[in-house]
Protein chains: 2
Amino acid sequence: MKGISGLSIPEPSLRRLPQYHHYLAELQSRGVSLVSCSTIGRDLKYIPVQVRKDLQFTGIIGKPKVGYSVAELVLAIEAFLGWNSVNEALLVGAGNLGTAMLGHERFSRFGLQVVAAFDVDPSKIGQYIYGKAVLPLDEMADLVQRMNIHLGIITTPAEVAQTVADEMVKAGIQAIWNFAPVKLNVPEYMIVHNEDLYSSLASLSCKLAKRFRAPLQENLRLN
Amino acid sequence: MKGISGLSIPEPSLRRLPQYHHYLAELQSRGVSLVSCSTIGRDLKYIPVQVRKDLQFTGIIGKPKVGYSVAELVLAIEAFLGWNSVNEALLVGAGNLGTAMLGHERFSRFGLQVVAAFDVDPSKIGQYIYGKAVLPLDEMADLVQRMNIHLGIITTPAEVAQTVADEMVKAGIQAIWNFAPVKLNVPEYMIVHNEDLYSSLASLSCKLAKRFRAPLQENLRLN
DNA sequence: ATTCAATAGGTAAGTAAGTATCGATACGGA
DNA sequence: TCCGTATCGATACTTACTTACCTATTGAAT
């Protein structure tokens with residue numbers, strides 16, 4: 001099948017959709033009902049063609065000289081990203097980062113509902129963080145099965161991340177959002193997303209190093 | 001110039017380097033001194049060719065039938081990423097996420113030294129988080145100039161991120177590591193890295209949605 | 001000493017993503 | 001009503017990244 005809706009979306013486009021969504025929701029709240037690719041592109045710093053291509057994956061068609069319906073786009077993006085149906089998730093590692101994630105109440109508006117946290121630290125177990133109970137790790141499998149949870153979030157130190165992942169796999173979790181800086185070893189069928197800060201830091205410090213070590217080369221390239 | 005060292009590294013390769021570094025440092029600590037692309041690839045789930053390509057950017061050459069010197073690679077990657085020289089940074093937004101970042105003592109081993117935090121919340125100002133002072137935001141420019149800081153980390157709510165970014169630009173910051181889910185509007189010369197959780201969440205929930213809504217299609221595609 | 005297997009390195013081909021261009025369409029103004 | 005312009009959608013092109021392939025080198029086994 002060759003239709004645009006049958007074509008799977010490129011990862012980069014997919015990752016831009018939330019930006020569009022955020023921007024469009026903002027427009028909508030200001031009462032704007034129509035928007036063109038040129039406008040979006042100007043505000044979000046993309047060229048209009050790219051915006052148009054990205055938006056085509058939502059299936060929404062625009063009108064020449066007019067643009068797209070903001071409301072239609074917002075709904076279409078939400079539907080596309082699965083933000084209408086709720087994904088219940090659990091989180092392991094109630095440290096600083098885990099706490100930050102639990103406090104991110106905005107996630108629930110985007111289909112992510114963290115139902116409980118797990119940890120091994122006895123001082124944390126039994127407490128409530130932003131209304132979510134912190135439970136002992138060995139009760140995880142039970143919860144997964146009772147509530148039919150598909151998504152696990154790992155915010156533990158790197159050292160224990162693999163062990164936690166193994167537990168998740170055993171419990172029947174299907175997808176892992178991993179904030180620990182390790183490549184998890186899991187079965188093929190698992191969906192894993194690594195949120196590797198060191199990757200970003202690398203890219204960043206490399207660019208910084210370039211700028212402050214070889215400014216001449218940079219300047220030459222600009223001429 | 002056409003030598004591999006003159007060629008600028010592709011972003012994806014750059015972002016894989018920290019993974020290699022982590023893996024190689026682990027090997028090194030276990031006393032392993034030589035390693036081949038095949039081995040790395042097996043453990044990190046990349047095909048050997050890609051590993052070889054990535055490692056070529058470090059300038060280290062390996063020996064056929066033997067592999068690379070682990071120690072050489074580790075040093076070369078650190079040098080390449082600028083992890084030898086320290087980048088001093090400041091952080092704005094001492095909430096949960098900011099606290100998590102301040103507590104990440106491991107950053108200092110990778111050339112990132114957060115020297116202070118800033119916030120507007122009077123209850124936080126004057127406190128110390130993991131040994132870093134929390135200062136009032138209007139003292140930021142002063143610190144930037146006194147300590148010649150180049151990097152700013154934004155861990156504020158989305159609503160104020162742009163304002164903070166403007167302040168950073170005015171103060172003379174060159175690069176921003178942005179954890180707020182907004183596209184920052186800054187001058188062309190600025191280096192900006194967005195750590196957009198919603199992007200990742202989008203990608204993740206889209207895949208989850210696909211799996212649990214259209215399992216038949218997925219199965220068909222596999223046949 | 002010779003042969004075999006593993007591995008690096010370089011080149012080329014293939015795939016995916018981003019960008020430019022062109023014709024079609026719809027609104028606004030002459 | 002007609003014309004100009006902004007915009008969309010589709011196609012073609014370019015660039016960037018990945019993967020495959022081929023050759024050379026090295027160490028080990030016979």
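In the text below, chain A, chain B and the rest are named by the order of the sequence lines, each starting its count at 1.
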I'd like to compare against my own output: the B/S/- annotation of nucleotides 13-25 of chain D with a strict under-4.0 Å heavy-atom distance to protein. ----SSBB----B
If I take atom NZ in residue K63(A) and atom P in nucleotide dG28(C), what distance separates them, rounded to the nearest angstrom? 11 Å
How long is the line joining CD of Q56(B) and C1' of dT7(C), in whole Å?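 So the CD-C1' distance, Q56(B) to dT7(C), works out to 13 Å.
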Mind checking side chain to side chain contact (heavy atoms under 4.5 Å, CB included) for T39(B) and listing every partner two or more places apart, or none if nothing turns up?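 T39(B) satisfies side chain to side chain contact (heavy atoms under 4.5 Å, CB included) with Y23(B), V35(B), S36(B), R42(B), D43(B) once adjacent residues are dropped.
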So, using side chain to side chain contact (heavy atoms under 4.5 Å, CB included) as the criterion, who are the partners of E11(A) when residues are at least two apart?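 E11(A) satisfies side chain to side chain contact (heavy atoms under 4.5 Å, CB included) with L14(A), R15(A), H193(A), S203(B), K207(B) once adjacent residues are dropped.
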Under the rule for ring pair (Phe, Tyr, Trp, His ring centres under 6.0 Å), what residues qualify as partners of Y20(A), not counting sequence neighbours?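 Ring pair (Phe, Tyr, Trp, His ring centres under 6.0 Å) list for Y20(A), sorted by chain: empty.
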Name all residues meeting the ring pair (Phe, Tyr, Trp, His ring centres under 6.0 Å) criterion together with H150(A); count only those two or more places apart in sequence or in a different chain, and write none if there are none.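 Result, ring pair (Phe, Tyr, Trp, His ring centres under 6.0 Å) vs H150(A): F212(B).
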Scan for ring pair (Phe, Tyr, Trp, His ring centres under 6.0 Å) pairs involving residues 28-53 of chain A, sequence neighbours excluded, and state none if there are none. none
For Y68(B) and dG9(C), is the shortest distance between a side-chain N/O and OP1 or OP2 below 4.0 Å?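 It does, given that an N or O in the side chain of Y68(B) lies less than 4.0 Å from OP1 or OP2 of dG9(C).
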Please list all pairs meeting salt bridge (Lys or Arg N to Asp or Glu O under 4.0 Å) that have one or both residues in residues 162-183 of chain B, counting only residues at least two apart or in different chains.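 Applying salt bridge (Lys or Arg N to Asp or Glu O under 4.0 Å) to every pair that reaches into residues 162-183 of chain B, excluding sequence neighbours, yields E167(B)-K170(B).
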Which pairs, with at least one residue in residues 70-81 of chain B and sequence neighbours excluded, count as a salt bridge (Lys or Arg N to Asp or Glu O under 4.0 Å)?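 Matches after skipping sequence neighbours: none remain.
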Can a donor-acceptor pair be found between the side chains of N87(B) and S205(A) at a distance below 3.5 Å?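 Side-chain D/A pair, N87(B) to S205(A): absent.
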Using a strict heavy-atom distance below 4.0 Å, which residues from residues 196-207 of chain A are in contact with DNA chain D?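 Under 4.0 Å from DNA chain D: no residue of residues 196-207 of chain A.
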